[in-house]
Structure formats: structure tokens, C-alpha cells
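Every heavy atom of this structure was used, including side-chain atoms; hydrogens, water molecules and symmetry mates were not. Order of the sequence lines fixes the chain letters, A, B, ..., with proteins taken first and strands second; residue numbering starts at 1 for each chain.
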Amino acid sequence: MNGDVRVRIAPSPTGPLHIGTARTALFNYLFARRHGGTFILRLEDTDVARSSIAYEKDILDGLHWLGLRWDEGPEVAGQAARGPYAPYRQMERLASYAEAARQLLAEDKAYPCYCTADELAADRAAQQAAHEPPHYVGRCAALIPAERAARELEGRPAAIRFRIGEGTVAFDDLVRGRVEIDTSALGGDLVIVRGDGTPLYHFTVVVDDAAMRISHVIRGEDHLSNTPKHILLFRALGVPEPLFAHLPLILNPDRTKMSKRKSQTAISDYIAQGFVREALVNYLALLGWSTGTEEEILSLDELAARFDVEHVQKGGAVFDRERLEWLNGQWIRKLSADELIDRLRPFLEADLHAGVIERMPDDDEVCALLPVIQERLPTLGTVGELIGFLFVEAVALDPAMLVPKRWDPTTTRDGLGAARDALAAVGEVSWEADELEPPLRALALERGWKAGDLFMAIRVAVTGRTATPPLFDTLVALGRDRTLGRLDRAIAVLAEAPEVVG
RNA sequence: GCCCCCAUCGUCUAGAGGCCUAGGACGCCACCCUUUCAAGGUGGAGAUCAGGGGUUCGAAUCCCCUUGGGGGCACCA
């Protein structure tokens, strides 16, 4: 690489951390790690109207959660900014944009523009009617000093426009190869500073990337067509250009750019549903990139050791939630007991608040259940439906569900009664899976029932569900008294229910 | 409308001229395991490599065209 590798993620706090931003951050992070470079976080908050502290916090928290630690970045929660190019918040860097703008103005590479919003809107409408691409007509490009003075006198606010000029801009994108774009396709002279004096994205990004010595700009493909503007600005400012790498977009199922309307895009939503960071990182890394081998379950460190731009895909990638869920299951199964208990706790607390459970299980109780639930969790959020029946006073019983498909209500009542007696005969001290199974199997054999049918009736009676962890582990977790109590209640429910076929 | 980018199973992808009668994974189907659900195992369906021209002894791989898709064209980022 040419000199030190310095890359950045530059989110704007105008919304919660987006899946696409997270992936761009991840690719930058992996690239930095792979090359022993520096990963920088910069907040692009110049859209004051849409930016908020809440979004900023969501973004920083999300990046933290993913494990993407930045080497340089803004001050956070009382902590000082980290890195030699502070501040890392654009609204705190206004002086440097003003200075850069002054420089461009002084060299006549930019000029004040007094056009009103109405004038610009009218231009755009006319262009559209004439089937021309929208562009600035250059009304203020060649104003003489007297004309400028007149407009200043009118009290018209002046935006600053950068002269785009003529010619072709070419660059060698690290993933796309050579890209050439004629400046005539850039929309005319570019506003770099608003009438109110605040700088615009295309300007600040260049000023900061230069100031922060960014070596590689790795970002989404949606910026590919904007890159010539940036290059022109780098040149006008007389600073070296970084290298560019444009990543394929993450797509909705209909192959349009992933959006909130059509997909779930906020990282916080995935966290809330119980996706684990390892799975999200693993999945996102493999969306648009591959190792070139058949490896696919990879940790952040393993990804960092393998990352290369050469294997970045050019075409967009549809976000496939099913594959994410599969990976999530893979990673949940790899977690240690302590780790899994810790990660399950917030979800159990949420279930408690939602009334799914009535009591918070302690760590030992959860630990005891781990062997039967760990491989049954597609997401952490499903823990409540898996073991919730253990932490409520009574489960809801549907008489129809109580009756196994090959049985009728009478047989079911009979079966549950007999099972209750058989289980009652097992003493408190012997209440273990190995002790519970033989008597029930013997009972089924004796009565000519399929063991599975009897087990299903018991399962629904004590859990209210047809899909549960293994029955005997379930009964042990439930305990003798509650098992017998729930069987009694199920029998009563069946007795009260009208004799309809279940 | 103009400019730019892209194009291998439904989806994510391997493939950098012969190893490809195209490999893996998710999903789907079947079977095995099994008290349900999972997990796991085995097998299967699924891509004339968008289409058409070239180049070459030989093309999914190189070139051109067509088609399709996407992105960008703000005093948003």
C-alpha cells in the first residue's frame, strides 16, 4: 500500500445506524486491520436540521456493539476525542471548511451565488420540460464585482459554488477498475457552502479526508457518480487524492437499494430481535465479499485476517434474512454457557415486562436449561416462547390442542389420568429424566398407545405448546408438583370442554 | 431525460482461457436419527454461466453489441 493505510467511516446522525452503513464500516475496519492501518470515525453532522444526538448515540452504540473499535474518533460521553486530527465532528470543524472556501474563492475556483430557491426550482422545471439533465445554469458564475455588490446590498444571502469546469475526470476504482466521467454530467457548478454559511457534504468530505490524511475511501456504490466532484475538489485544494473503492449496494428483495420502506434497515432492530454480533458481522462481511474459499463461519478476527478488495463483488447483493438467521443459530450454538446466559438476560427481562413470563429466572436456572435450548434458538428473542411456560403460574390450555391427532378427547383424558398416576408414583428424589421415561413407556405399551401420542398429550398439558424441548427434561425443569398440578388442570379442562373432536 | 456502474442456481457466492458434463452455502424436497420442535447426517431438485456476435485449437472467464437491472444527477448525506 502507498504509505500508511488510513480509512474512515463517516456516518451522518440523521437516522439510526443503517445496515448499509454498518457494512461499510465493517469493510473499512477489516481493510484497516488487514493492512495494519488506522480506522477513523467521523460524524458528518452538517445537516443540522436532520441530525440529532439520539441518532448519534444509536450509531456509536451500534458500531460498538458490532465490535468495530475505531482508532480515531470523536469524544463520547465525557471521554476525550481520540486521535491527532480532532475534532471528529464536522460541526466542530467549521473553521477549516471556511478556510478552504476562502482559498477557493480567492483563487476564483469558487464564487458566490445569489440565486434564490425559486429561481433554481424554475431552472430545474424548465430543464425537465426540455428533457435536459438537471444542472446549474451558471447565472452567478460570471458576475462582475458591481453586480455582486448590488446583490449584497439587497441583502441576498450568498451560497458558494465550486467551478466544475470542462473535461473528463478519470480514476482507478479498486473494485471497479477505471472509471471516466465527463464533467458535463456533474450537474454544473456545485454548491459547497449554503447561503447560511454551513458547508455541504461534497465539500466537507473532501476537506476532512484531506485533513485527516485518508488513504482509501471505501464507501457504497451510490457515491461512484459523485466521485469526480470530490476529485475535482481535491485538485482545486491542491491536496493529494485518496484511492477509491466502491462497494456494491445492499438490496431489497426487488433489487432496489435497501430501504427502510421495504426492509428492516436499523441495526438496533436486529439487536432487539436477538441477533448476535458475531452472526451479523459474519453475514455482512459475506454480503458482497468472499474469502475465495468455501469457508463461511468466520469471526471478526478471522475475517480481518482474510479480507481483500480483490474479492469484493461488483454487483449489488440482496439482503437474505434467512441466511442471517441460519448464521445466527450457528453462532448462538458456539457461545459459552456464561456468554449465552449474559446475552439471554435482556431478552428474558423484556419478556418479563411484556408479561410473557411472570418471574425472572436466575442464572442457575437458565444455565440448567441451556443444554436443551441452545440448539433451538434461531434468535435470542425466541427464548421466551421456548421456556416461558416454566416461569408462569399457569399456561393457557386449548382443549383442541390437548388432543393428539390420532386420539380423541376421551382417550386423552384417560391417558393424562394414567400418566398422572404413573408420574405420581415417581418420588420427589427420583424426579429425573431417566426415571420418568420408563414408567410412561411401560404405560403406553400396556394400554396399546403409541408412546409419541401419550408424550404429546403430556407435553401440551404441561407447556401449552406442541413444540418444546425434550419432554422429560421439560418435566424435570418443571418439577414434580407443578407437573402433577398441570396434568390435573388439563384433565379438568378436557372434562369441561364440549365433546368435540380436537 | 442524461451520465455512470453491474449481469453464474430463488438468494449469497466459487470461478481470474482448458481442472466446469459449473463447486459451496442459505432456502426447498426426501430419507436417517427421533417423544414434538430443533440440531445433526445422507441424498435430491435447482444455473443451456442474460441474449447475440466475435477473438481463440479451446470461453462462464477476453472484446463488441443488444437486453435487463441498479445507482447518481439537491443550498440531503
Side-chain angles (χ1 to χ4, degrees), chain A residues 10-15 44-47 49-51 113 115-117 120 124 127-128 130-136 157 159-161 173 176 179-182 184-188 190-196 198-202 204-205 220-228 246 248-249 251 253-257 283 286-297 310-311 313-327 329 333 372-378 386 404 437 440-441 444 450-456 458-460 463 465-472 474:
Chain A
S12 94
T14 53
E44 311 221 321
D45 54 357
T46 55
D47 185 354
R50 293 198 298 147
S51 295
C113 171
C115 293
T116 64
L120 295 174
R124 203 160 300 135
Q127 288 156 7
Q128 191 166 17
H131 296 292
E132 290 171 19
H135 62 276
Y136 179 59
I160 300 177
R161 278 189 194 269
D173 190 278
R176 275 139 222 285
V179 177
E180 294 187 22
I181 297 178
D182 196 279
S184 64
L186 265 28
L190 177 72
V191 176
I192 55 175
V193 179
R194 293 185 179 87
D196 68 4
T198 56
L200 257 2
Y201 168 76
H202 293 305
T204 59
V205 74
E221 192 198 331
D222 43 356
H223 284 302
L224 189 61
S225 309
N226 288 326
T227 302
H246 287 91
L249 259 20
L251 273 22
D254 65 4
R255 304 203 73 89
T256 54
K257 184 163 92 166
Y283 179 70
L286 263 24
L287 241 205
W289 175 74
S290 74
T291 60
T293 70
E294 285 176 2
E295 300 176 294
E296 52 184 359
I297 310 288
E310 290 70 38
H311 284 93
Q313 203 78 13
K314 291 191 185 75
V318 173
F319 189 86
D320 180 3
R321 192 193 163 91
E322 306 229 55
R323 190 171 158 82
L324 205 212
E325 279 189 12
W326 172 74
L327 268 173
R333 269 163 241 138
V372 295
I373 65 172
Q374 189 155 15
E375 66 193 32
R376 278 168 241 270
L377 291 169
L386 213 48
E437 186 165 353
L440 289 179
R441 285 206 183 271
K450 286 200 68 174
D453 291 337
L454 178 62
F455 294 172
M456 182 53 85
I458 300 171
R459 168 178 293 112
V460 177
T463 67
R465 294 178 164 275
T466 54
T468 70
L471 182 61
F472 303 106
T474 297

**OP:** Choose from A74(B), U35(B), A77(B) the nucleotide whose nearest atom is closest to any side-chain atom of Asp47(A).
**Re:** A77(B)

Original post:
Does the cation-pi check pass for Arg161(A) over Tyr136(A), that is, NZ or CZ under 6.0 Å from the six-membered ring centre and within 45° of its axis?
Top reply: yes

Subject >> Span that lies between the P atom of A60(B) and that of G52(B), in whole angstrom >> reply: 12 Å

Original post:
Which one, A77(B), U11(B), A74(B), comes nearest to the side chain of Asp320(A)?
Top reply: U11(B)

Subject >> Between G72(B) (C1') and Ile181(A) (CD1): distance, integer Å >> reply: 8 Å

**OP:** Could you please name the option among C4(B), G27(B), U35(B) that lies closest to any side-chain atom of Val179(A)?
**Re:** C4(B)

**OP:** Report yes if a donor N or O on one partner sits less than 3.5 Å from an acceptor N or O on the other, where the partners are the side chain of Arg323(A) and the base of U11(B); otherwise report no.
**Re:** no

Original post:
Please give, in whole Å, the distance from G70(B) C1' to Lys314(A) NZ?
Top reply: 16 Å

Subject >> Per Ser290(A) side chain, nearest of listed nucleotides C73(B), C76(B), U13(B) >> reply: U13(B)

Original post:
Considering only side-chain heavy atoms of Glu375(A), which listed nucleotide, U11(B), C75(B), A38(B), is closest?
Top reply: A38(B)

Subject >> Separation of the C1' atoms in G43(B) and U48(B), to the nearest angstrom >> reply: 25 Å

**OP:** Rounded to the nearest angstrom, tell me the gap between atom CZ in Arg465(A) and atom P in U35(B).
**Re:** 22 Å

Subject >> Minimum-distance nucleotide (side-chain atoms of Pro470(A) versus U13(B), U36(B), G69(B)) >> reply: U36(B)

Subject >> Arg124(A) bridged to Glu132(A) by N-O distance under 4.0 Å >> reply: no

Subject >> Arg194(A) side-chain proximity, nearest of U35(B), C5(B), A77(B) >> reply: A77(B)

Subject >> Check: His202(A) side chain, A77(B) base, donor-acceptor under 3.5 Å >> reply: yes

Original post:
Which of these nucleotides, U36(B), A25(B), C3(B), is closest to any side-chain atom of Trp326(A)?
Top reply: A25(B)

**OP:** Please confirm whether any donor atom in the side chain of Ser225(A) sits under 3.5 Å from an acceptor in the base of G71(B), or the reverse.
**Re:** yes

Original post:
Can you find a donor-acceptor pair, distance only, under 3.5 Å between Arg176(A) side chain and C5(B) base?
Top reply: no

Original post:
Say you pick atom C1' in C32(B) and the same atom in U11(B); how far apart are they, in whole Å?
Top reply: 28 Å

